[in-house]
Amino acid sequence: MFNRILAAAAAAAVLMTSSPALADGFDGNQISVSAEGEVQVKPDRMRLRAGVEVISDNAADAYSSLRSASAALVEALSAAGIDPSDVRTSELSLNPQYVPDRHPEISGYRGVQSVEVLVRSLDSAGDVLGALQGAGSALRVQSISFEVSDPEAAQREARAEALAKARAKAQEYAEVAGRELGALISFNDSAPTYRPHVVPFAMAMADGAAGAKSLPVSAGEETLNARVNVVYEARMPIPNP
């Protein structure tokens, strides 16, 4: 009987180490397992990255053009219903441009201002993109990403799934080892991961395009993962009297 238990325990140890990505183990008294849970979530808002770029012969003209282009961008966002608190400047620069192979001879000046815009409702996302088409030829839309405004419920669901999988795995290993699964000794979990997918979005605007139609966008679904590590007591079975 004792030899059979040892053989079963050895088999469980081999089984638990067959997946190096999971920190599973059996030491005769405890069973340690890891598991992951995953849920699909639907984004409900969009983050937009856009900017204006101007090039002029001198710094003063570049600065003036940059101010005008930036004002047009802000006006277009405001007309699309974007609150100023949802617009954040991410880049602002005015630099000389040099003649190739003739540095430090200056050929002109390049001004750039980029912003990150939070669109809180996907229902208006296409309208915002459409409205930007009237902001002038200096505007560039660089990328968009879709986000979940409140991922906590999905995080709890992913964590619960991971814990259920971990217990089922521990139970399986206990049976293979000829043990009974005992009390939960400890567990820890890593923060559920949620990384909005960034979509490159190269779009240059044309002058006089005000009133352009809404541009349809589709957010699809995002995946949220949670990972747990748990330790259970592995008890010897109580023999029948």
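Keep in mind the model is a prediction, meaning the values are calculated, not measured. Values below: all heavy atoms of this structure, side chains included; hydrogens, waters and symmetry mates excluded. For reference, positions follow the sequence shown, starting with 1.
Between the side chain of Ser143 and the main chain of Arg49, no donor-acceptor pair closer than 3.5 Å is present.
Around CD of Glu152, the count of heavy atoms belonging to other residues, nucleotides or ligands within 6.0 Å does not exceed 12. More than 12 heavy atoms of other residues, nucleotides or ligands sit less than 6.0 Å from atom CD of Gln40. The local environment of CG in Asp57 is sparse, with at most 12 non-hydrogen atoms from other residues, nucleotides or ligands closer than 6.0 Å.
Nearest heavy-atom pair, Gln113 versus Leu66, reported as atom, atom and distance to 0.1 Å: N-CD1, 3.8 Å. The two residues Phe146 and Pro43 have their closest heavy-atom pair at CB-CB, 3.6 Å. The two residues Gly111 and Leu94 have their closest heavy-atom pair at CA-CD1, 3.8 Å. Arg179 and Pro237 get closest at one heavy-atom pair: CA-CD, 4.3 Å. Summarising the geometry of Ala162 relative to Ala35, their closest heavy-atom pair is O-CB, 3.4 Å, with the distance given to 0.1 Å. Heavy atoms only, all atoms of each residue included: Ala166 and Val33 are closest at O-CG2, 3.4 Å.
To the nearest 0.5 Å, the span separating CG on Asp127 from CG on Leu132 amounts to 11.0 Å. The line from CD of Glu180 to CD of Gln171 is 9.0 Å long, rounded to the nearest 0.5 Å. The CD atom of Glu75 sits 8.0 Å away from atom OG of Ser78, with the distance rounded to the nearest 0.5 Å. Of the inter-residue distances, the one linking Gln97 atom CD with Tyr109 atom OH reads 10.0 Å to the nearest 0.5 angstrom. The OG atom of Ser145 lies 8.5 Å from the CE atom of Met46; values are rounded to the nearest 0.5 Å. Atoms CZ and OG, from Phe187 and Ser34 in turn, are 13.0 Å apart once rounded to the nearest 0.5 Å.
In this structure, Glu157 and Leu224 have side chains that are not in contact, with every pair of non-hydrogen atoms separated by 4.5 Å or more. The closest side-chain heavy-atom distance from Arg167 to Leu184 is not below 4.5 Å. Looking at Val119 and Ser124, their side chains come closer than 4.5 Å, going by heavy atoms from C-beta outward. In this structure, the side chains of Tyr98 and Ile106 come closer than 4.5 Å at one or more pairs of heavy atoms. With a 4.5 Å cut-off on side-chain heavy atoms, Val115 and Leu48 do not count as touching.
With respect to Arg47 and Glu116, a salt bridge is recorded, a charged nitrogen being found less than 4.0 Å from a carboxylate O.
One hydrophobic cluster holds both Leu92 and Val54 under the rule that ILVMFWY side chains link at heavy-atom gaps under 4.5 Å. In the hydrophobic clustering of ILVMFWY residues, with side-chain heavy atoms under 4.5 Å counting as a link, Val87 and Leu139 come out together. Hydrophobic clustering of Ile, Leu, Val, Met, Phe, Trp and Tyr side chains at less than 4.5 Å, counting indirect connections, unites Leu77 with Val217. Val228 and Leu181 fall within a single hydrophobic cluster, where Ile, Leu, Val, Met, Phe, Trp and Tyr side chains are chained together by heavy-atom contacts under 4.5 Å. In the hydrophobic cluster analysis, where Ile, Leu, Val, Met, Phe, Trp and Tyr join through side-chain heavy atoms closer than 4.5 angstrom, Val117 is grouped together with Leu122.
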(message) salt bridge (Lys or Arg N to Asp or Glu O under 4.0 Å), that's the test. Do Lys169 and Asp24 meet it? Break it down for me.
(response) CA-CA 10 Å; Lys169 186 189 294 186; Asp24 298 342; 3.6 Å; yes

(request) Could you please spell out the steps behind the side chain to side chain contact (heavy atoms under 4.5 Å, CB included) verdict for Val112 and Glu53? (result) CA-CA 5 Å; Val112 174; Glu53 177 183 355; 4.1 Å; yes

(message) Under the criterion salt bridge (Lys or Arg N to Asp or Glu O under 4.0 Å), I'd like the reasoning laid out for Lys165 against Glu36: C-alpha separation, chi angles, the key distance, then a yes or no.
(response) CA-CA 7 Å; Lys165 287 182 177 179; Glu36 294 184 354; over 6 Å; no

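Remark: of the listed residues Arg159, Arg227, Gln155, Arg159 is the sole one forming a side-chain hydrogen bond (donor to acceptor under 3.5 Å, both in side chains) with Asp189. Exactly one residue among Leu163, Asn188, Ile31 makes a side-chain contact (heavy atoms from CB on, under 4.5 Å) with Val230. That residue is Leu163.
Asp44 meets the salt bridge (charged side-chain N to carboxylate O under 4.0 Å, His left out) test with no other residue; sequence neighbours excluded.
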